[in-house]
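Notes for the one structure printed next.
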2 protein chains.
Amino acid sequence: MVSKTCEYAIRAMLFIAQKSVNDAKVGVKQIARAIDSPEPFIAKILQDLGKKGLVLSAKGPTGGFYLDNAGLKKSLADIVYAVDGDKLFTGCGLGLKSCSAKMPCPVHDEFVVVRKHIKSMLQNAKLGDYNTSLELGEKYLKR
Amino acid sequence: MVSKTCEYAIRAMLFIAQKSVNDAKVGVKQIARAIDSPEPFIAKILQDLGKKGLVLSAKGPTGGFYLDNAGLKKSLADIVYAVDGDKLFTGCGLGLKSCSAKMPCPVHDEFVVVRKHIKSMLQNAKLGDYNTSLELGEKYLKR
DNA sequence: CAAATAAAAGAGTTTATACTCTTCTACTAT
DNA sequence: ATAGTAGAAGAGTATAAACTCTTTTATTTG
């Protein structure tokens with residue numbers, strides 16, 4: 001559905017969101033532990049998201065990654081788009097380049113519905129929405 | 001969503017279905033041309049589907065691949081399952097191995113709904129369902 | 001200012017997927 | 001029978017995604 005890189009990105013961002021409620025910052029090491037990912041790999045992904053303005057970072061002691069209020073309102077769809085591009089939202093289900101309403105593949109109409117479903121689901125899921133359930137241990141980011 | 005191999009498989013099977021209405025058989029060369037795929041690659045995929053009982057084949061002149069009535073009633077879900085396994089239907093959206101209702105990732109519930117949607121869509125789409133629209137040129141298998 | 005900490009950057013490796021090439025075997029029409 | 005057609009099989013290559021390692025640069029605390 002989404003790339004592995006994107007899965008890591010979402011999990012990391014949800015963790016950062018959880019820790020950002022009181023202006024705290026989290027280092028890569030802590031993030032990697034929390035989401036059970038290779039540390040240098042998630043570091044790279046976050047650098048990328050930082051460049052694209054989806055996460056803030058500070059260097060030096062007590063530095064790390066964090067989100068402001070605007071960041072907490074970003075959706076999972078924003079992350080997916082930044083990491084994987086729009087192929088999940090717009091590509092053809094059978095891999096045809098010119099697939100469209102005018103020149104549809106056999107399952108075009110069905111896929112349009114499914115994709116809309118996925119898109120709206122991801123757009124409705126905001127990074128800050130899961131803080132309390134994560135805090136309460138009702139939802140998990142690893143294993 | 002599905003692997004490229006699986007996309008080719010579906011397109012090839014839909015083409016074979018279209019040509020199987022009057023007991024005709026189609027060769028790999030013709031299939032490759034019709035769905036615009038590398039010939040040896042689709043040959044291999046179809047060999048595999050043949051072993052799994054999803055498509056029939058005959059050797060020699062006038063031989064090729066074809067489907068019987070039972071085969072025409074198979075769904076796209078059967079093809080996806082044969083080629084990609086069940087990861088599309090059952091895997092976690094964030095890549096967690098132990099994700100379940102008991103130990104859910106943050107988006108578990110939403111993904112369950114989406115996956116059900118995808119699954120039922122693929123189960124409802126039978127190989128034989130597209131013969132007339134393909135014949136009429138309303139739907140496309142290449143480009 | 002110095003030391004420690006943490007992100008930034010970029011090159012390098014591994015692994016899986018996609019795709020190709022070649023050879024072999026079976027079948028069937030003439 | 002034999003020649004032509006078509007599938008079967010398996011090894012081999014290319015490319016992209018996933019992941020790692022090392023070095024550099026910036027910042028902040030003492």
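Values reported hereafter were calculated over all heavy atoms of this structure, with side chains retained and with hydrogens, waters and symmetry mates removed. Chain A is the first sequence line, chain B the second, and so forth, proteins listed ahead of strands; every chain is numbered from 1.
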Checklist entry - With a non-hydrogen cut-off below 4.0 angstrom, is A/V83 in contact with a base, only sugar-phosphate, or nothing? => result nothing

Next on the checklist: Does any part of the side chain of B/M1, heavy atoms only, come nearer than 4.5 Å to the side chain of A/I118, both counted from C-beta?
Outcome noted: yes

Item to check | Interatomic distance, A/K52 NZ vs C/dA7 P [rounded to whole Å] | outcome: 19 Å

Next on the checklist: Once you apply a heavy-atom cut-off of 4.0 Å, does A/K29 come out as touching a base, just sugar-phosphate, or nothing?
Outcome noted: nothing

Checklist entry - Counting only distance, no hydrogens or angles, is the base of C/dA7 paired donor-acceptor with the side chain of A/Q47 under 3.5 Å? => result no

Checklist entry - What is the distance, rounded to the nearest whole Å, between atom OH of B/Y66 and atom C1' of D/dA6? => result 14 Å

Checklist entry - Whole-Å distance between D/dA6 P and B/I42 CD1? => result 16 Å

Checklist outcome for this item: Separation of D/dA6 atom P from B/R33 atom CZ, nearest Å, is 10 Å

Checklist entry - Side-chain N or O of B/S3 less than 4.0 angstrom from OP1 or OP2 on C/dT17? => result no

Item to check | A/K52 and A/D48 ion-paired at < 4.0 Å | outcome: yes

Item to check | Test item: A/D68 side-chain N/O and A/G71 main-chain N/O as donor-acceptor pair under 3.5 Å | outcome: yes

Next on the checklist: When you measure from the side-chain N and O atoms of B/T62 to the phosphate of C/dA29, is any distance below 4.0 Å, counting only OP1 and OP2?
Outcome noted: yes

Item to check | Minimum-distance nucleotide to A/P61 side chain [options: C/dC19, D/dT27, C/dT20] | outcome: D/dT27

Checklist entry - Under a 4.5 Å cut-off applied to non-hydrogen side-chain atoms, are A/F111 and A/L94 in contact? => result no

Next on the checklist: Need one value for A/P38: base, sugar-phosphate or nothing, where a base atom within 4.0 Å counts as base even if backbone is also close, heavy atoms only.
Outcome noted: sugar-phosphate

Checklist entry - Would a 4.5 Å heavy-atom cut-off, applied to side chains only, mark A/T90 and A/R115 as touching? => result no

Checklist entry - Atom CG of B/L49 and atom C1' of D/dG7: how far apart are they, to the nearest Å? => result 14 Å

Checklist entry - Do side-chain atoms of B/R143 reach the backbone of A/S98 as a donor and acceptor pair under 3.5 angstrom? => result no

Checklist outcome for this item: Among the nucleotides D/dA18, C/dT20, D/dC21, whichever has the atom closest to the side chain of A/P40 is D/dC21

Item to check | Closest to side chain of B/K44, choosing from C/dG10, D/dG10, D/dA26 | outcome: D/dG10

Item to check | Under-4.0 Å side-chain N/O to phosphate OP1/OP2 contact, B/Y8 with C/dA18 | outcome: no

Checklist outcome for this item: Ranking C/dA7, C/dT20, D/dA8 by distance to the side chain of B/S57, first place goes to D/dA8

Next on the checklist: At 4.0 Å (heavy atoms only), tell me whether A/K51 reaches a base, stays on the sugar-phosphate, or touches nothing.
Outcome noted: sugar-phosphate

Checklist entry - B/G27 or A/A58: which one's nearest nucleotide on DNA chain D is closer to the 5' end? => result B/G27

Checklist entry - Roughly, in whole Å, what's the span from NZ in B/K59 to P in D/dG7? => result 10 Å

Checklist entry - What is the nucleic acid contact for A/A43, judged by heavy atoms within less than 4.0 Å: base, sugar-phosphate only, or nothing? => result nothing

Item to check | Distance in angstrom units between B/D48 CG and D/dG10 P, rounded | outcome: 12 Å

Checklist outcome for this item: Between CZ of A/F41 and C1' of C/dA8 the distance, given in whole Å, is 17 Å

Checklist entry - Considering heavy-atom distances to DNA chain D, does A/S37 or A/G60 have its closest nucleotide positioned more toward the 5' end? => result A/S37

Checklist entry - Looking across every strand, which nucleic acid part, if any, lies under 4.0 Å from B/G50 by heavy atom: base, sugar-phosphate, or nothing? => result nothing

Item to check | Residue A/K4, side-chain atoms from C-beta onward, closest of D/dA18, C/dC27, C/dC19 | outcome: D/dA18

